[in-house]
There are 2 protein chains.
Amino acid sequence: MDTDRSADDLAVLPPITRRTLHAEVASRMRDLIIEGRLTPGARINEGLIGAQLGVSRTPLREAIKTLVSEGLVEIVPAKGAMVRVFSEEDVAQTLEALKIIEQNAGRLACQRASAADLARIQALHEQMLVMYENRQRLDYFKLNQAIHSAIVAASGNAILAELHTTLQARIKRARFVGNGEPEKWAGAVAEHIEMAQALARRDDEALAEVLGRHMDASFARVRYLFSAER
Amino acid sequence: MDTDRSADDLAVLPPITRRTLHAEVASRMRDLIIEGRLTPGARINEGLIGAQLGVSRTPLREAIKTLVSEGLVEIVPAKGAMVRVFSEEDVAQTLEALKIIEQNAGRLACQRASAADLARIQALHEQMLVMYENRQRLDYFKLNQAIHSAIVAASGNAILAELHTTLQARIKRARFVGNGEPEKWAGAVAEHIEMAQALARRDDEALAEVLGRHMDASFARVRYLFSAER
DNA sequence: TTCCCGCATGCTGCATGCAGCATACTTGAC
DNA sequence: GTCAAGTATGCTGCATGCAGCATGCGGGAA
């Protein structure tokens, strides 16, 4: 019995998560792109970036292949990799796809989410409101993204959550930059309050409606970035 | 003018599409997995597969990273890559996601598709019926997939098409195997006829409805594979 | 001056080398 | 016979070497 006991205790130990170098590099580069330290269109010089990250070109090249599949990087044979440039149409289509995913995941979440799921989302929502009051834009933005992700996750469909994460990463930067103006910000918060209420009532149609409106407004918030470019 | 003329002629030349080795390897391995020559759970021995494909381990490893992002392969650090095993729940969730994508892309297609788009889909549909009459199961299956892809593409949203392609690839094999029985086959064909009619009328709600029903039935067609396993 | 050809440089793409871990086998003790 | 420790083998993961292509620059001709 004593041995069983200790074996049980050991089974509770968190497994050592061994991260391979290429996965770590992919993670780091993802952050660099989303943070804008690697700007769209920038060439990725393997020797240079590899030296800066302190890794050889092999794991770096493997990481680049991952980012290509995620849609963050493009490769031109014999020329190399570059950070993907998103046109206005790309962003519009990505937001349309995100809208579809969020609306339908939201409906499912109203039907399937546990009480604990709902409570957790509600807590994120409250926190986000505080960040809005304090005008802590970065923290607000992160909580905002977390809420949307949590709603999709509450659908119970891991595939939808996976697609949502990938698409969200692609246009994360544009959305952060595009969300700067105060009146737009206030509008987004108002929509979030509606979302929280609909979700609390498990009112799937109301949630889908406001999620759709929220995403349409999100596109409007981002759109001017492109008109300003010209 | 003469030089302009010849320059114009040259501009018409199809560009030489240079395929990198790792992309070619990824494509080949994708086929091997979908065709079932690399079975789920099978370890991918880099030396062995590399030798069989006639490439060194480097481009092979890069291709594996691509397939991991596509969800066809899994990597365990220090142990290696293996063909991903899909549980019944994985397949159910993937089909649910595909259902959402197809229904919504179908609605958009009814609104946005050009007459040429519709004609092309209709032509595929007619061909597929011929294959069904002749009981050419493989050709039927390929046309079937092509029709669904064409409907999603006709939405005009390239992102939705991309997601659809990726998800479809993951469970392609299960769907092919699960579609074997005659009465199920007949039911699927009946649904396809409904789809073609709804699309011709640009009746978005009717199309979404039958697409949903088609996907639910598809899950039923696949489900028994898992019950048989136990 | 302008255009074009040729050359040099730098980078990518792939092959290979090498260390370290996982796994299977063997040997020895009980 | 069984179990455990030690050992050997094979594979992965990363680093490095090398050939070939892209690109920028200089020189020469028109």
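Within every chain, numbering begins at 1; the chains are lettered A, B, ... in the order of the sequence lines, protein sequences first and strands thereafter.
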Would you kindly compare B:R61 and A:R57 by the position of their nearest DNA chain D nucleotide and give the one closer to the 5′ end? B:R61
For the pair A:D117 and A:R120, find out whether any cationic side-chain nitrogen is under 4.0 Å from an anionic carboxylate oxygen. yes
Need one value for A:T58: base, sugar-phosphate or nothing, where a base atom within 4.0 Å counts as base even if backbone is also close, heavy atoms only. base
Interatomic distance where CZ belongs to A:R19 and P belongs to C:dC21 [whole Å]: 19 Å
Between atom CZ in A:R43 and atom P in C:dG10, what is the gap in whole Å? 14 Å
Residue whose nearest DNA chain C nucleotide is more 5′ - B:V55 or A:G47: A:G47
Cut-off 3.5 Å, side chains only: do B:Q122 and B:E126 have a donor facing an acceptor? no
Assess the residue pair B:E102 and B:V152 against the criterion (side chain to side chain contact (heavy atoms under 4.5 Å, CB included)); give the C-alpha distance rounded to whole Å, side-chain angles, the decisive distance to 0.1 Å, and a yes or no. CA-CA 6 Å; B:E102 289 198 9; B:V152 175; 4.1 Å; yes
Side-chain contact, heavy-atom cut-off 4.5 Å: B:H192 with B:H214? yes
Chain B vs DNA chain D, heavy-atom contacts under 4.0 Å, first-to-last nucleotide span, 5' to 3', is D:dC11 to D:dA22
Check: B:V222 and B:I171 side chains under 4.5 Å, non-hydrogen atoms: no
Reckon A:I64 touches a base, only the sugar-phosphate, or nothing at all at heavy-atom distances under 4.0 Å? nothing
Determine the sole option in A:Q145, A:M131, A:Q127 for which the side chain to side chain contact (heavy atoms under 4.5 Å, CB included) test with A:Y140 is passed. A:M131
Would you indicate what B:L60 reaches in the nucleic acid, counting non-hydrogen atoms under 4.0 angstrom: base, sugar-phosphate, or nothing? nothing
